[in-house]
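Everything on this sheet refers to the single structure shown next.
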Amino acid sequence: MLHRIELEGVGPASKMTMDLAPRLNVITGDNGLGKTFLLDVAWFVLTRTWPRYPATPRAPGVGAKIRFAVDAQRDQKTYETSFVPRKQTWSRSVGRPPSPGLVMYARVDGSFAVWDPARNYWRDAPSLGVDDPQRPEAFLLSPAEVWDGLRQEVAGRTIPLCRGLIEDWVTWQAAEPTFFEALKVVLEMLSPDPAHPIRPAKPVRMNVDDARDYPAVTMPYGVVSLVHASAGVQRIAALAYLLIWSVSEHMLARERLGLKETHQVTLLVDEVEAHLHPQWQRRVLPSLLDVAVSLQDAFVNANLSDLQFIVSTHAPLVLTSLEPHFDEARDRLWTLDLRGSEVELSHVRWEKRGDVANWLSSDVFAHPALRPIEAEEALDKAKALAVRDSVPARELARVERALRAHIPELDPFWKTWGVLRQKWANGPHGVKPR
C-alpha cells in the first residue's frame, strides 16, 4: 500500500505532497495540471519503472527528488530517489521494488501496465536471473498488445508474456471456467444497466482469411463482435480483462514458484470515465469498489484483503455516484488547482452535494456556469443592467435580443426580466414595458 508521495523539483509544482488514503483516492483538476503525472509517479515508486516516458526535473540542473512511504514486508518504510543528470535517469536501489503487492495501471489511451511480484521479480528464476537484462521489469502493454498479446524474444525463442484479450477470452470460455466465470462477474458488475448487462456470447469468426475466433458480447439489440463494439464497451471489457488476467496469472505463477500469496493490490485508473456515457459514469467507480469482493469469491485461494485505488476523473457525475459509498476514514478526494503560476495539490474535505450541478459549481470543479458560453454572456449583460434605475431603449433592445437568442422561453430568468422591465418603465426616463 502506498502511504505518501513527496515531490521536489519535478512535475507541475516546485513541491507537492500527497498523503494517500488506504482504500480510494480520487484526483480531480483541469487539464495539464498533473493528474496523469501523479498516477505515473505512483506507478514508478511502486514498480521502479515508468509507464512510458520518465519524469524529468522542472529545469536543467535543478535537483529533483521523489520520496515515498510504502508498506514493505508489512512495515511502512520511507524511500527516496533522485534524478541523476549525468545518467539522465532516476537513482534506484539494487533488488526488487519495496512494495510486495500486485500493481495494475489502466491508462487513458487504452494501454495497460502490470507489475507482478511473482512474475517480474524472481529470487531463483526458472529461466531468467534477477539481474538478467531481458527479465521483464513490468508488463507494459500498448493498446494493440492488450488485445493481440505481448511477446518477448529470449534466446531465439518468442515467449508470450501475455496472450492478449482476444485469445485469452476465447481460451477461458472454452477451457478455463474459473477465469471465465470471474470475467463474466466483473463485466456484469461494470455494466451500466443492470437490466441489460454486458454478457459474453459465443465467439465469432471475422472473415474467411482470419482463422481466429473473436470474443463477442450480447447487447440489447443482438450479438456484436467485441472488436466492433463501442469504445465504451471496449473500455469496460479491457478493464475487466486487465483485472482477471493480472490476478489469474499471478496466482498461477505463485503456485508454480511456491511463493506466499499477495494480499496487497493497487489499481491505478486514469480518467475512469473515459469513453463512458453518463449512465455508465454513475456506476463505474462504485462497481470497481466492489470488484475486490467479487474477485475474492471467484478465486477461492486469492487473498485480496488490501485493495487500494488511485483514480483520476474530470466528471462531476463520478463524484456524485460516490456519495453513498465514500468513507472518510478510508477514502480521500484530491484536487489540483492553478494558483498564479504554481500548481497546488489539495486534500478536499468530503461533502455530499446532492447532484451533478452542485458538484460542477463546487470548489472541486469551480465551474459555476451551467449554460452555454453565449447564454452566460447574455445573462451577464442583463444582470449588469439590473442595478440601474433606467435603461435607454436602444441598449435594452440590444440586450434583450441576445437573451432571446440564447435563453429558452421556459427559463425562470424571464420572470426576473419582466420585473426589471417594469422597474425601468417606471423610472425617471421610462421604458415602455413589453
Side-chain angles (χ1 to χ4, degrees), residues 24-27 35-36 39 42-43 51 102-116 139-150 162-166 168-169 172 179-193 197-200 215 217 219 224 226-227 229-250 265-296 298-299 304 307-315 317-318 321-322:
L24 173 65
N25 295 272
V26 182
I27 308 170
K35 296 186 301 298
T36 299
L39 289 171
W43 164 265
L102 185 65
V103 187
M104 297 172 276
Y105 186 5
R107 307 189 73 223
V108 71
D109 64 356
S111 62
F112 284 155
V114 176
W115 189 86
D116 184 343
F139 301 110
L140 304 177
L141 292 87
S142 69
E145 289 168 338
V146 171
W147 291 77
D148 295 320
L150 174 65
C162 172
R163 294 181 300 183
L165 184 153
I166 292 174
D168 272 333
W169 182 304
W172 294 346
F179 299 163
F180 192 64
E181 286 301 316
L183 178 67
K184 288 167 61 178
V185 168
V186 175
L187 278 175
E188 188 161 340
M189 290 179 64
L190 295 177
S191 296
D193 184 359
I198 301 173
R199 287 185 175 142
V217 291
M219 302 298 291
V224 178
L226 195 55
V227 297
S230 69
V233 171
Q234 289 188 2
R235 166 82 166 178
I236 293 299
L239 186 57
Y241 171 69
L242 167 70
L243 295 168
I244 303 305
W245 175 76
S246 301
V247 174
S248 62
E249 289 294 331
H250 168 73
V265 179
T266 304
L267 177 61
L268 314 173
V269 185
D270 196 7
E271 292 188 28
V272 68
E273 76 281 0
H275 303 304
L276 301 185
H277 184 275
Q279 181 172 310
W280 295 38
Q281 293 177 19
R282 292 178 60 196
R283 297 183 180 275
V284 61
L285 200 44
S287 296
L288 279 176
L289 292 176
D290 293 332
V291 159
V293 177
S294 67
L295 292 179
Q296 190 85 17
F299 297 101
L304 309 178
L307 182 57
Q308 185 181 38
F309 293 85
I310 308 173
V311 304
S312 71
T313 183
H314 290 123
L317 196 52
V318 169
S321 73
L322 278 180

Close side-chain approach of [X] and [Y], heavy atoms under 4.5 Å:
{"X": "Phe139", "Y": "Trp115", "answer": "no"}
{"X": "Ile166", "Y": "Pro215", "answer": "yes"}
{"X": "Pro200", "Y": "Phe180", "answer": "yes"}
{"X": "Val26", "Y": "Val318", "answer": "no"}
{"X": "Leu190", "Y": "Ile198", "answer": "no"}

So Arg199 and Lys184, side-chain contact (heavy atoms from CB on, under 4.5 Å) or not? Walk me through it. CA-CA 7 Å; Arg199 287 185 175 142; Lys184 288 167 61 178; over 6 Å; no
Least distance between heavy atoms, [X] atom then [Y] atom:
{"X": "Arg235", "Y": "Val108", "value": "NH1-CA, 4.1 Å"}
{"X": "Pro51", "Y": "Trp43", "value": "CD-CD1, 3.3 Å"}
{"X": "Leu141", "Y": "Cys162", "value": "CD2-SG, 3.8 Å"}
{"X": "Leu288", "Y": "Phe309", "value": "O-CZ, 3.1 Å"}
{"X": "Arg283", "Y": "Ser191", "value": "CD-O, 3.6 Å"}
{"X": "Gln281", "Y": "Leu317", "value": "OE1-CB, 3.8 Å"}

Sequence neighbours left out, cut at 3.5 Å: what donor-acceptor pairs do the side chains of residues 266-277 make with other protein atoms?
from: Asp270; atom 1: OD1; to: Thr36; atom 2: OG1; distance (Å): 3.4
from: Asp270; atom 1: OD1; to: Ser312; atom 2: OG; distance (Å): 2.6
from: Asp270; atom 1: OD2; to: Thr36; atom 2: OG1; distance (Å): 2.6
from: Glu273; atom 1: OE1; to: Thr313; atom 2: OG1; distance (Å): 2.8
from: Glu273; atom 1: OE2; to: His314; atom 2: N; distance (Å): 3.0
from: His277; atom 1: ND1; to: Gln279; atom 2: N; distance (Å): 3.0

* Does the pair Leu289 and Leu322 meet the rule for a side-chain contact (heavy atoms from CB on, under 4.5 Å), with working shown? -> CA-CA 10 Å; Leu289 292 176; Leu322 278 180; 4.2 Å; yes
About how many Å separate [atom2] of [Y] and [atom1] of [X], when rounded to the nearest 0.5 Å?
{"X": "Asn25", "Y": "Gln308", "atom1": "CG", "atom2": "CD", "result": "6.0 Å"}
{"X": "Ile310", "Y": "Lys35", "atom1": "CD1", "atom2": "NZ", "result": "15.0 Å"}
{"X": "Met189", "Y": "Ser287", "atom1": "CE", "atom2": "OG", "result": "6.0 Å"}
{"X": "Leu242", "Y": "Arg107", "atom1": "CG", "atom2": "CZ", "result": "13.0 Å"}

TODO: Walk me through it: do Phe112 and Ser246 pass the test side-chain contact (heavy atoms from CB on, under 4.5 Å)?
DONE: CA-CA 11 Å; Phe112 284 155; Ser246 301; over 6 Å; no
With side-chain contact (heavy atoms from CB on, under 4.5 Å) as the criterion, how do Val233 and Trp280 come out once you've worked through the C-alpha distance, each side chain's angles and the decisive distance to 0.1 Å?
CA-CA 10 Å; Val233 171; Trp280 295 38; 3.5 Å; yes
**Request:** Taking side chain to side chain donor-acceptor pair (under 3.5 Å) as the test, write out the residues that go with Trp245, two or more places apart.
**Result:**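 Partners of Trp245 under the side chain to side chain donor-acceptor pair (under 3.5 Å) test: none.
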ask   = Would a distance-only check, ignoring hydrogens and angles, find a side-chain to backbone donor-acceptor pair under 3.5 Å from Gln234 to Leu226?
value =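 Checked: pair present.
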